[in-house]
Amino acid sequence: MRRVGTRVRNPANAPDSVERAVLAAFAASLAGGTPPGDTAFVAARADGTHELRYLRPVLVAEPCLACHGDPAAMSSRVREVLASRYPTDEAVGYQVGELRGAVSVRRPLR
């Protein structure tokens, strides 16, 4: 289980190709005026086995803006910590209601 984003703060959490496709579908749904819903499906793996994939959209809420909103509106301490820990941070500039990313779960099937 991990969080993936539309704009990456931590490069280790960059979405894979399946997650990118689902995030794009979430964004299209939201752009069309429909809040995206959870999605689950079985996917084939390269080794011939299968896994369950589940993604739940994460929409930006007011409290999220303290770290993901307009950098000019963030506290100086938050800006310092983000710059120190995530020098290539792309996960800022969001507004309430935007798609931030998803919780992504992968579970091997037998």
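Each residue takes its place number in the sequence, starting with 1.
- In this structure, CZ on R53 lies 11.5 Å from CG on L109, to the nearest 0.5 angstrom.
- Between the side chain of R3 and the backbone N or O of G101, no donor-acceptor pair lies under 3.5 Å.
- For residues 20-36, the set of pairs meeting the side chain to side chain donor-acceptor pair (under 3.5 Å) definition, not counting sequence neighbours, is empty.
- Nearest heavy atom pair, residue R45 against residue P108, reads NH1-CB, 3.4 Å.
- Of all heavy-atom pairs between P35 and G33, the closest is CD-O, 3.8 Å.
- Nearest heavy atoms, A14 versus V8: CA-CG2, 4.0 Å.
- Under the 4.5 Å side-chain heavy-atom criterion for ILVMFWY residues, a single connected hydrophobic cluster contains both L59 and V4.
- Under the rule for a salt bridge (charged side-chain N to carboxylate O under 4.0 Å, His left out), the partners of R106 that lie at least two apart in sequence or sit in another chain are D16, E51.
- Between S104 and E19 the shortest heavy-atom distance is OG-OE2, 2.6 Å.
- Considering all non-hydrogen atoms of both residues, P71 and V92 come closest at CG-CG2, 3.8 Å.
- No side-chain donor-acceptor contact under 3.5 Å links R100 to the backbone of P57.
- A search for side-chain contact (heavy atoms from CB on, under 4.5 Å) contacts involving T39 returns V22, F26, F41, L55, not counting sequence neighbours.
- Atom CG of L65 is separated from atom CE of M74 by 8.5 Å, given to the nearest 0.5 angstrom.
- Considering all non-hydrogen atoms of both residues, L30 and P36 come closest at CD1-CD, 3.9 Å.
- With sequence neighbours left out, the side-chain hydrogen bond (donor to acceptor under 3.5 Å, both in side chains) criterion links Y54 to D38, R56.
- Listed by first then second residue, pairs satisfying side chain to side chain donor-acceptor pair (under 3.5 Å) with a partner in residues 86-98 read T6-Y94, R9-D89, not counting sequence neighbours.
- With a 6.0 Å radius and a threshold of 12 heavy atoms from other residues, nucleotides or ligands, R107 has its CZ atom at or below the threshold.
- In the hydrophobic cluster analysis, where Ile, Leu, Val, Met, Phe, Trp and Tyr join through side-chain heavy atoms closer than 4.5 angstrom, V58 is grouped apart from V96.
- Listed by chain and residue number, R77 satisfy the salt bridge (charged side-chain N to carboxylate O under 4.0 Å, His left out) test with E80 (two or more places apart in sequence, or in another chain).
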Apply the test side chain to side chain contact (heavy atoms under 4.5 Å, CB included) to residues H68 and V60: give CA-CA distance (whole Å), side-chain angles for both, the deciding distance (0.1 Å), then the verdict.
CA-CA 8 Å; H68 293 286; V60 175; 5.6 Å; no
